[in-house]
Amino acid sequence: MTESPTPVYDLVGVGIGPFNLSLAALAHGAPDLRTLFLDAKPAFSWHPGLLMEGTTLQVPFLADLVTMVDPTSPWSYLNYLRHHDRMFPFFFSERFHIPRREYDAYCRWVSDALPSCQFDAYVERLGWDEERDLFVVTRRAADGTRTRVLARQIVLGVGTNPVVPKALRPLLADGSHAGRVLHSADYRTHRARLAACDDVTVIGAGQSGAEVALDLLRHQDGEGAGGPYVRWLARTNAFAPMEYSKIGLEHFTPDYIRYFRALPEARREQLVAEQWQLGVAVVDAEASGDGLTLTCRHMQQDTLFEIRTSAIVSATGYAASRPAFLDGPDGLGTLVDWDEKGRYRIDGDYRVTLDPQISGRLYVQNAELHTHGVGAPDLTLGAWRAATILNAVAGRTVLRVPQRTAWTTFGAPRAAAKVPTPARTAPSEETQR
């Protein structure tokens, strides 16, 4: 019995979140490309722990998987509404920002329809086959079956991991505090238990912190007898609304990315730190009796104080991490040119710098905050970035992307070209006449 040949794809995507799903949807319109996208989950899901009632996307519905680069695509949010006979209700509701649950359902509709998307496919290893000059992807199905596929190019869209203050990590590692010490990514899973607590402390001044605090407050009955006491801690100087002015939003454009990439690395690092001030100065945390004790530092007063609480929700954001499948025997990790802080070096097409001997290309999505700026995790730029990668993968313009995207000129204007002044000469005899 002969073994079936290992399939070869032009592009294999690892991870099916909104960004790789956007690439899968746009690539579906390029029939000459053979693509495959793999995810370990049994089906598409997007931040399930934060899909509470009343929560909406931070961006308008036009920032769906495809519309910003291809409004004619069959995978647009408007076509999703049309498919479900909901176009007129949506039109009359006059809502530009859709519920998160709705966005999750829309993405699941797209992922279920695209044949290139395969779930229950856990990627165990990503390596390089020198003889075949191809990437090797080893995946494991839910039943334990392992298979391999080959790829000319790879795009990593594995998402980001929750980040918690260092002081909370021992409590999270201790299984006895499950459901009482958690990241906001798991809030909905433990929502009922938290609502039954006497006192809940929410850490983090971002949107997730605000949504968790508000949701907990809604459990109060108005008389003070029901629902938890809610405490909200933040390191920022004040709680401020999200910057939503028209010009301010232009930081989430390709023009700003080009400006940001041209800055010196030290300045990029400084800007990222200024633009993401999430978290709180929690110095220590420990279990005490049937509760928890937080030791905190007031940043302006430089004063330590303690807080007794029943539960802690850390809404302190996410960060890119190095996927485990890059390491191990013959893993691709040893062939990646990591920077001094162990991060990818990424060019303007989102291509990762690899060992020069590797002819294949490796791309990443939402792992480029340090090289491309604040728009890396923003859904507004998802379709544009996916189209940029798709064009690079295909070696041609599959989808045209705009060259000018903002009114703002982010950098200093270029010096105007100096026109040489003609030299003065003495008038000729003809002129004098």
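Side-chain atoms are counted along with the backbone in the values below, which use heavy atoms only and exclude waters and symmetry mates. Position 1 is the first residue of the sequence, and the numbers go up from there.
- A ring-centre distance under 6.0 Å is not found for His251 and Phe260.
- Residues Leu50 and Val212 form a side-chain contact, since some pair of their non-hydrogen atoms from C-beta on lies under 4.5 Å apart.
- Smallest separation of non-hydrogen atoms from Gly348 and Arg261: N-NH2, 3.4 Å.
- Here the closest non-hydrogen pair linking Leu194 and Gly179 is CD2-O, 3.7 Å.
- Taking CD1 of Ile154 as the start and CG of Leu126 as the end, the distance is 5.0 Å to the nearest 0.5 Å.
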(request) Report the C-alpha distance between Glu368 and Arg343 in whole Å, list the side-chain angles of each, state the deciding distance to 0.1 Å, and finish with yes or no for salt bridge (Lys or Arg N to Asp or Glu O under 4.0 Å). (result) CA-CA 9 Å; Glu368 71 281 2; Arg343 302 169 302 192; over 6 Å; no
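- Of the N and O atoms on the side chains of Asp349 and Thr388, not one donor lies less than 3.5 Å from an acceptor on the other residue.
- In summary, Glu211 and Arg100 engage in a salt bridge, as defined by a charged side-chain N under 4.0 Å from a carboxylate O.
- A side-chain donor from one of Tyr77 and Glu102 sits under 3.5 Å from a side-chain acceptor of the other.
- Salt bridge Glu53/Arg101: present, at least one basic N to carboxylate O contact under 4.0 Å.
- At a threshold of 4.5 Å between non-hydrogen side-chain atoms, the residues Tyr9 and Thr35 do not count as touching.
- Here Asp199 pairs with Arg231 under the salt bridge (charged side-chain N to carboxylate O under 4.0 Å, His left out) rule; sequence neighbours left out.
- For Asp39, the side chain to side chain contact (heavy atoms under 4.5 Å, CB included) partners two or more places apart in sequence, or in a different chain, are Ile16, Lys41, Phe119.
- When side chains are defined from C-beta on, Thr408 does not count as touching Asp255, because their heavy atoms never get closer than 4.5 Å.
- Listed by first and then second residue, the ring-ring contact (aromatic ring centres under 6.0 Å, His included) pairs involving residues 122-158 are Trp128-Phe135 (not counting sequence neighbours).
- Here the CG atom belonging to Leu217 is positioned 9.5 Å from the CH2 atom belonging to Trp232, to the nearest 0.5 angstrom.
- The pair Arg108-Asp112 does not meet the salt-bridge criterion, since no charged nitrogen lies less than 4.0 angstrom from a carboxylate oxygen.
- No hydrogens or angles considered: nothing links the side chains of Thr6 and Arg148 as a donor-acceptor pair under 3.5 Å.
- Summarising the geometry, atom OG belonging to Ser111 is positioned 14.0 Å from atom CH2 belonging to Trp46; distances are rounded to the nearest 0.5 Å.
- Considering all non-hydrogen atoms of both residues, Val282 and Pro165 come closest at CB-CB, 4.4 Å.
- With contacts defined as side-chain heavy-atom distances shorter than 4.5 Å, the pair Tyr344/Asp339 does not qualify.
- Remark: Arg267 CZ is packed, more than 12 non-hydrogen atoms of other residues, nucleotides or ligands lying under 6.0 Å away.
- The pair Lys341-Glu265 does not count as a salt bridge, with every side-chain nitrogen at least 4.0 angstrom from each carboxylate oxygen.
- Remark: Thr380 engages Val59, Ala63, Asp378 in a side chain to side chain contact (heavy atoms under 4.5 Å, CB included) (not counting sequence neighbours).
- Interatomic distance, CG of Asp327 versus CG of Leu332, reported as 10.0 Å (0.5 Å rounding).
- Ion pair Arg351/Asp347 not flagged as a salt bridge, since none of the NZ, NE, NH1 or NH2 atoms sits closer than 4.0 Å to an Asp/Glu carboxylate oxygen.
- In this structure, Pro42 and Asp120 approach most closely via the heavy-atom pair CA-OD1, 3.7 Å.
- Partners of Asp337 by side-chain hydrogen bond (donor to acceptor under 3.5 Å, both in side chains), not counting sequence neighbours, listed by chain and number: Arg345.
- Side-chain atoms of Asn79 and Ser76 form no donor-acceptor pair, as typed in the model, at a separation below 3.5 Å.
- Checking His177 against Arg180 by side-chain atom types alone, a donor-acceptor pair falls below 3.5 Å.
- Annotation: Tyr259 is in aromatic contact with Tyr256 [ring centroid separation under 6.0 Å].
- In this structure, Val200 and Ser310 have side chains that are not in contact, with every pair of non-hydrogen atoms separated by 4.5 Å or more.
- Distance CZ/Arg385 to OG/Ser22: 8.5 Å, rounded to 0.5 Å.
- In this structure, Arg34 does not pair ionically with Asp10, as no charged nitrogen and carboxylate oxygen lie closer than 4.0 Å.
- A cation-pi contact, defined as under 6.0 Å to the ring centre and within 45° of the axis, is absent between Arg125 and Phe325.
- Contact detail for Pro115 and His28: the closest heavy-atom pair is CD-CE1, 4.0 Å.
- Between Leu233 and Ile307, the closest side-chain pair of non-hydrogen atoms falls below 4.5 Å.
- Within the 4.5 Å cutoff, no side-chain heavy atoms of Glu286 are placed close to those of Leu292.
- Across every non-hydrogen atom of Ala178 and Arg193, the tightest pair is O-NH1, 2.7 Å.
- More than 12 heavy atoms of other residues, nucleotides or ligands sit less than 6.0 Å from atom CZ of Arg396.
- Identified under the ring-ring contact (aromatic ring centres under 6.0 Å, His included) test for residues 365-387, with sequence neighbours left out: Tyr350-His372.
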(request) Determine, stepwise, if the pair Asp70 / Thr72 fulfils side chain to side chain donor-acceptor pair (under 3.5 Å). (result) CA-CA 5 Å; Asp70 186 9; Thr72 67; 2.6 Å; yes
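- The structure places OG1 of Thr293 at 9.5 Å from CG of Asp284, a figure rounded to the nearest 0.5 Å.
- With ring centers used as reference points, Tyr318 lies under 6.0 Å from His47.
- Under the 4.0 Å criterion applied to side-chain N and carboxylate O atoms, Arg139 and Glu124 are not assigned as salt-bridge partners.
- Two residues are said to be in side-chain contact when any heavy atoms from C-beta on lie closer than 4.5 Å; Ile389 and Leu11 fail this criterion.
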(request) Evaluate side chain to side chain contact (heavy atoms under 4.5 Å, CB included) for Val155 paired with Val14, printing each intermediate quantity in order. (result) CA-CA 6 Å; Val155 59; Val14 182; over 6 Å; no
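- Side chains of Asn391 and Thr397: a donor-acceptor N/O pair is absent below 3.5 angstrom, by distance only.
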(request) Apply side chain to side chain contact (heavy atoms under 4.5 Å, CB included) to Leu38 and Val12, showing your working. (result) CA-CA 8 Å; Leu38 306 171; Val12 169; 4.3 Å; yes
(request) Please step through ring-ring contact (aromatic ring centres under 6.0 Å, His included) for the pair Tyr106 and Phe61, ending with a clear verdict. (result) CA-CA 11 Å; Tyr106 153 67; Phe61 74 92; over 10 Å; no
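- Here the options are Asp186, Leu216, Asp215, Val313, the test is side chain to side chain contact (heavy atoms under 4.5 Å, CB included), and the partner is Arg191; only Asp215 passes.
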